[in-house]
Undergrad: 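Sharing a structure with you now.
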Amino acid sequence: MTPASSAAAGTVHISRVDALEILDSRGRPTLQVAVTLARGARGVAGVPSGASTGSKEATERRDGDRSRYSGLGVLDVLCAVHGEIADLLRSRAWRDLAEIDAALIELDGTPGKARLGANAIVGVSMACACALASAEGRELWDWLTPPGVAPRLPVPHFNVINGGVHASNPLDFQEFMIAPLGAGSLPEAIRAGAEVYGALRDLLAGRGHGTGLGDEGGFAPRLSEPEEVLYLLTAAIDQAGYIAGPGGVAIALDPAASEFRGDGYYTVAGQRLTSADMIERYAEITQRFPVWLIEDGLAEDDWDGWEALTERLGRKIQLVGDDIFVTNPAIIREAISRGVGNAALIKVNQIGTVTETLEAMAICRRGGYAQFVSHRSGETTDTFIADLATGAGCGELKTGAPARGERVAKYNRLLEIAAAEEHLPYGLARD
Ligand code: PGA
Ligand code: ZN
């Protein structure tokens, strides 16, 4: 039984649904969900949480009780999992994950999963996926592979410089990533990421910059101009002994521009810029530096700007929609029809179920859009996304720096899959 295939393998019964309030990597409460099938298979999932969220993301529910965790507790969400959700899941036999996810959506009854909480629903959906895969004795990545899709090990995108809402430095752009596009294998890519990260630390320290870290494990030096960071990053790639560019280690950016747009202008290092100015700036950046991907270069409500950006740079680089598409199948369909961007960021908790996530990825595939699987700034040691990126064969995954346990857990899971499955190719899906 694959995630959405029907009956062939019969039905399953769920006997237990447990949830626990645990901490995420930022010290905030989140959920861990465990689902046990009647025949004993068990799946466990940790729920991630974002900071620079798109306004149309599924709703993350919090207690709002200021006397606990500044209102961020998830005890009410936990009650929903133990109560209504567990009652529903134990009440009948299930054909597949698609049927479970559809029933969860119906039980919630709101468009954004606001009643029960998308954090409850996504945790249950992920844990069910893990339990169903385990019941079949299959690796999660294999079980998640859609029919007709070739799985592959993704290019890890290591976020090595943090800014925006992920750090307290004056850097407006949120993420500066290194992507070993030219590596010959996944282990070589992980090694390149770690070596460049080390070279960057030495370079920053040698120039008197701080080497403290932001939320995703990247350094957070007190720099404000994106070009200055790109210069240092290119130098670090070089010093680590790699070629800076698509044949070696390329650079990817997530400015997360919704966060620095207000009253129609973007503010970068104190300068007020229009959409057209931003596009010009990106065009120059891609000429001067080996930047192969820009995510959320413009804000989520700037669709006209996005159209112009795609017109200008869409043939040269990958333009990924995160806040603007929020892993939402309907929005991605609209984007494809309008020619906005050429890739979608894929975050399971942005839409709230595994089935809808796979649907969003299928729509991208059919529309010729790349899919870039992503962690959140608030993470647990859950490794679901490493399996998702591999199984869906999209060839791209970002999950932070090659440092800090919650980020490294995903990269280590990729290493584990690579070691066990020597036949899996590595690299971008277009190869
Ligand atoms: P978030 O940011 O997880 O804090 O929302 C990640 C991103 O913008 O890609
Ligand atoms: Zn983003």
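When reading the values below, keep in mind they use all heavy atoms of this one structure, side chains included, and skip hydrogens, waters and symmetry mates. Just follow the structure's listing: the first ligand is 1, and inside any ligand the first atom is 1.
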Undergrad: Would you say the ring centroid of Y231 lies under 6.0 angstrom from that of F289?
TA: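 Judged by ring-centre distance (under 6.0 Å), Y231 and F289 do not meet the cut-off.
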Undergrad: Consider only side-chain N and O atoms of T380 and D24, and report whether a donor and an acceptor are under 3.5 Å apart.
TA: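 Result is no, nothing qualifies.
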Undergrad: Is there a donor in the side chain of E60 and an acceptor in the side chain of S49, or the other way round, less than 3.5 Å apart?
TA: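 The answer is yes; a qualifying pair exists.
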Undergrad: How long is the gap from CZ on R376 to OG1 on T30, to the nearest 0.5 Å?
TA: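 R376 CZ to T30 OG1: 11.5 Å, rounded to 0.5 Å.
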Undergrad: For H82, is there any backbone N or O sitting under 3.5 Å from a side-chain donor or acceptor partner on D18?
TA: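 Checking the backbone N and O of H82 against the side chain of D18, no donor-acceptor pair under 3.5 Å is found.
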Undergrad: I'd like to verify the contacts: list protein N, O or S atoms under a distance of 2.8 Å from the Zn ion (ligand 2).
TA: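 Within the sphere that stays under 2.8 Å of the Zn ion (ligand 2), the protein atoms of type N, O or S are D254 OD2, E295 OE2, D322 OD2.
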Undergrad: Can you list the ligand 1 atoms lying under 4.0 Å from a non-hydrogen atom of G50?
TA: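 Those atoms are 1 (P), 3 (O), 4 (O), 5 (O).
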Undergrad: In plain terms, say whether E311 and K316 are close enough for a salt bridge, that is, a side-chain N and a carboxylate O under 4.0 Å apart.
TA: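 No, this pair does not count.
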Undergrad: With a cut-off of 4.0 Å, which atoms of ligand 1 are near a heavy atom of S377?
TA: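 Per the distance check, 1 (P), 3 (O), 4 (O).
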Undergrad: Using the ring pair (Phe, Tyr, Trp, His ring centres under 6.0 Å) rule, take H157 and F372 through it: C-alpha gap first, then chi angles, then the decisive distance, then the call.
TA: CA-CA 10 Å; H157 284 61; F372 189 14; 4.7 Å; yes
Undergrad: Considering the heavy atoms of R376, write down every atom of ligand 1 situated less than 4.0 Å from one of them.
TA: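 This gives 1 (P), 3 (O), 5 (O) as the contact atoms.
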Undergrad: Should you measure from each heavy atom of E295, which atoms of ligand 1 turn up under 4.0 Å away?
TA: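 Once the distances to E295 are compared, the set is 9 (O).
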Undergrad: Determine whether E356 and N328 make a side-chain contact, defined as any pair of heavy atoms from C-beta on separated by less than 4.5 Å.
TA: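 SC-SC contact between E356 and N328 ruled out.
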Undergrad: Suppose I only count heavy atoms of E175 and a 4.0 Å limit; which atoms of ligand 1 are within that range?
TA: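 Those atoms are 6 (C), 7 (C), 8 (O), 9 (O).
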Undergrad: Salt bridge or not between E216 and R26? Use side-chain N to carboxylate O under 4.0 Å.
TA: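 Answer for the salt bridge query: no.
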Undergrad: Which residue supplies the protein heavy atom nearest to atom 1 (P) of ligand 1, what is that atom called, and how far is it?
TA: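 Heavy-atom neighbour on the protein nearest atom 1 (P) of ligand 1: A51 N, 3.4 Å.
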Undergrad: Provide the number and element of each atom of ligand 1 under 4.0 Å from a heavy atom of D254.
TA: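 Taking each heavy atom of D254 in turn, ligand 1 has 7 (C), 8 (O), 9 (O) under 4.0 Å.
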Undergrad: For atom 8 (O) of ligand 1, what is the closest protein heavy atom, and at what distance to 0.1 Å?
TA: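 Protein heavy atom with the smallest distance to atom 8 (O) of ligand 1: Q174 NE2, 2.9 Å.
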Undergrad: So is A256 in contact with ligand 1, going by heavy-atom distances below 4.0 Å?
TA: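 No.
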Undergrad: Among all protein heavy atoms in this structure, tell me which lies nearest to atom 2 (O) of ligand 1, with the distance rounded to 0.1 Å.
TA: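 Answer for atom 2 (O) of ligand 1: S52 OG, 3.2 Å.
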Undergrad: I need the D215 CG to E379 CD distance, nearest 0.5 Å.
TA: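 Rounded to the nearest 0.5 Å, the CG-CD separation comes out at 11.5 Å.
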Undergrad: Measuring from atom 7 (C) of ligand 1, which candidate in K347, H166, R26 has the nearest non-hydrogen atom?
TA: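 Shortest heavy-atom distance from atom 7 (C) of ligand 1: K347.
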Undergrad: For D322, counting its heavy atoms only, list the atoms of ligand 1 lying under 4.0 Å from any of them.
TA: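 So the answer, numbered in order with elements, is 7 (C), 8 (O), 9 (O).
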Undergrad: To check your reading of the model: name the closest protein heavy atom to atom 9 (O) of ligand 1, its residue, and the distance in Å.
TA: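 Nearest protein contact, heavy atoms only, for atom 9 (O) of ligand 1 is K398 NZ, 2.6 Å.
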Undergrad: For D238 and A235, indicate whether the former's side chain and the latter's backbone hold a donor-acceptor pair under 3.5 Å.
TA: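 Flag not set: sc D238 to bb A235 has no pair under 3.5 Å.
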Undergrad: Answer yes if the side chains of D322 and Q350 hold a donor-acceptor pair under 3.5 Å, and no otherwise.
TA: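 Yes.
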